[in-house]
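So the structure is just underneath, and the comments pick up after that.
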Amino acid sequence: MEPVIGRFAPTPSGALHVGNAFAFLLAWLGAKSQGGRIILRMEDLDPHRSSPAMAAQAMDDLAWLGLTWDEGGQGATPDPRYVQSQRTQIYQQYFDRLAAQGLVYPCFCSRSDLKAASAPHLSDGQLRYPGTCARLTPEQQAQRREVRSPAWRVRVAERSYTIEDGVQGRYTEYLPTQCGDFILRRSDGVFAYQLAVVVDDTLMGVNQVVRARDLLPSAPRQRYLMDLLGFPAPQYYHVPTLLDQDGKRLAKRERSIRIHDLRACTTPQALLGKLAFLAGLQSAPVPQTLPALLERFSWSRVPRQDIRVPEGLFTLSECSPD
Ligand code: GLU
């Protein structure tokens, strides 16, 4: 069997929170329980939202938790070969390959055009692109280019893509109705997550993708791009998203869930124990070590549904006031 290569792929646009740590813990256990390796990749594609300081802090928080990685940088300094903002020339090559297949076209729609033209996607709240710019003639494209620089979309195939997810089971999307032609490159030149993640996972040898369940709808799109580019598909494990008391995704601005803030008033073992409890790996939120969790880890114990974090599980109240 080929060795497992998993990854941590934080977006350094905000501080790491317990929801991220939950997914990274499971990614680490998933790879290490099979003697695998972990790659750390900084997903800082959007230059306006990400910062090197946040990347450094994410690395420091992961190291504090004991969630080590084997490639991707040392200390708090990412290796530029694993930093998405440094990899645009690589994404361009694969974008060009898709374009050479005649599958890429410019899209001049503004955000408000898109909102007006499409019904919200049912499963993930995203908009389905109705194909407005898919059939523009070269003359129409040239005219529009004079007033607006385009985004670039890939034409989706008229077929379903199915993911056999290690936690969620079988997940299928029929791309034309469930997502429509999707963006590969934004109008400001930034490559889209869907393209970057597929290229990076493949070139970095990643064969086990563990991430939060809110990204499940991206998996069929990514499988589609992998098919087009002739890439092998990884094994996916979409783990529950952690929710707040109102059933909403945990927000990074909430201090009591940021690893950096929790570090002042808890131990890595206490935090790992709470995350392991939520992951179904132990029956009470008691402190736990990584070697002990490795011994009891099994994907079959991880719940499928999103998890509402019990009130007061993560709290700063034991901290002395600063
Ligand atoms: N960078 C993404 C995030 O922080 C994760 C993407 C992925 O795991 O594919 O949500």
Side-chain angles (χ1 to χ4, degrees), residues 4-31 38-52 54-59 61-62 67 69 71-73 78 82-87 91 124-126 161 163 165-168 171 173 179 182-184 186 190-226 231 233-243 248-253 257-260 306:
V4 170
I5 304 188
R7 40 61 152 203
F8 301 151
T11 301
S13 61
L16 219 63
H17 62 64
V18 293
N20 307 126
F22 178 77
F24 293 149
L25 170 62
L26 289 171
W28 190 90
L29 291 170
I38 289 276
I39 280 167
L40 172 75
R41 179 169 77 231
M42 282 300 157
E43 301 216 322
D44 62 343
L45 280 170
D46 190 334
H48 304 296
R49 292 181 51 219
S50 300
S51 78
M54 281 295 165
Q57 197 185 79
M59 293 174 81
D61 288 345
L62 283 166
L67 297 178
W69 57 90
E71 289 166 51
Y82 297 80
V83 175
Q84 288 189 327
S85 60
Q86 308 300 311
R87 295 173 58 80
Y91 306 138
D124 65 358
Q126 292 189 28
Y161 275 83
I163 307 303
D165 189 89
V167 179
Q168 303 298 328
Y171 177 79
E173 273 203 10
C179 90
F182 58 91
I183 300 261
L184 294 183
R186 299 189 332 199
V190 172
F191 285 101
Y193 157 70
Q194 307 290 6
L195 178 66
V197 79
V198 155
V199 169
D200 287 348
D201 280 341
T202 304
L203 298 188
M204 295 174 187
V206 171
N207 52 18
Q208 185 172 95
V209 170
V210 179
R211 60 189 179 195
R213 185 172 170 263
D214 51 2
L215 285 167
L216 184 58
S218 286
R221 287 165 228 185
Q222 293 170 10
R223 280 297 301 278
Y224 173 54
L225 292 181
M226 287 175 168
F231 293 163
Q235 173 65 50
Y236 290 102
Y237 295 88
H238 286 87
V239 301
T241 306
L242 299 194
L243 308 176
K248 293 209 284 294
R249 265 178 61 174
L250 296 179
K252 288 182 182 173
R253 60 179 181 280
I257 60 158
R258 291 202 303 231
I259 306 300
H260 182 73
D306 289 346

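Counting starts at 1 for both ligands and their atoms, following the listed order. Note that the structure is predicted; figures quoted are calculated from it, not measured. Values reported hereafter were calculated over all heavy atoms of this structure, with side chains retained and with hydrogens, waters and symmetry mates removed.
In summary, the atoms of ligand 1 found under 4.0 Å from a heavy atom of L215, numbered by their order in the structure, are 5 (C), 6 (C), 7 (C). Close contacts between ligand 1 and R7 involve ligand atoms 7 (C), 8 (O), 9 (O) [criterion: under 4.0 Å to a heavy atom]. Shown in contact with E43 at under 4.0 Å from a heavy atom are these atoms of ligand 1, numbered in order with element: 1 (N), 2 (C), 5 (C), 6 (C). Of all atoms in ligand 1, listed by their number and element, those nearer than 4.0 Å to a heavy atom of R211 are 7 (C), 8 (O), 9 (O). For ligand 1, the atoms closer than 4.0 angstrom to any heavy atom of V197 are 9 (O).
The main-chain N or O of H238 is found under 3.5 Å from a side-chain atom of D165 such that the two form a donor-acceptor pair.
Using modelled atom types, one finds no donor on one side chain facing an acceptor on the other under 3.5 Å when comparing Y193 with E43.
Note: R221 CZ to E173 CD = 5.5 Å, rounded to the nearest 0.5 Å.
With respect to D46 and R186, a salt bridge is recorded, a charged nitrogen being found less than 4.0 Å from a carboxylate O.
Residue contacts with ligand 1 leave out Q222, since none of its heavy atoms falls under 4.0 Å from the ligand.
Contact check for Q84 versus M42: no side-chain heavy atoms found under the 4.5 Å cut-off.
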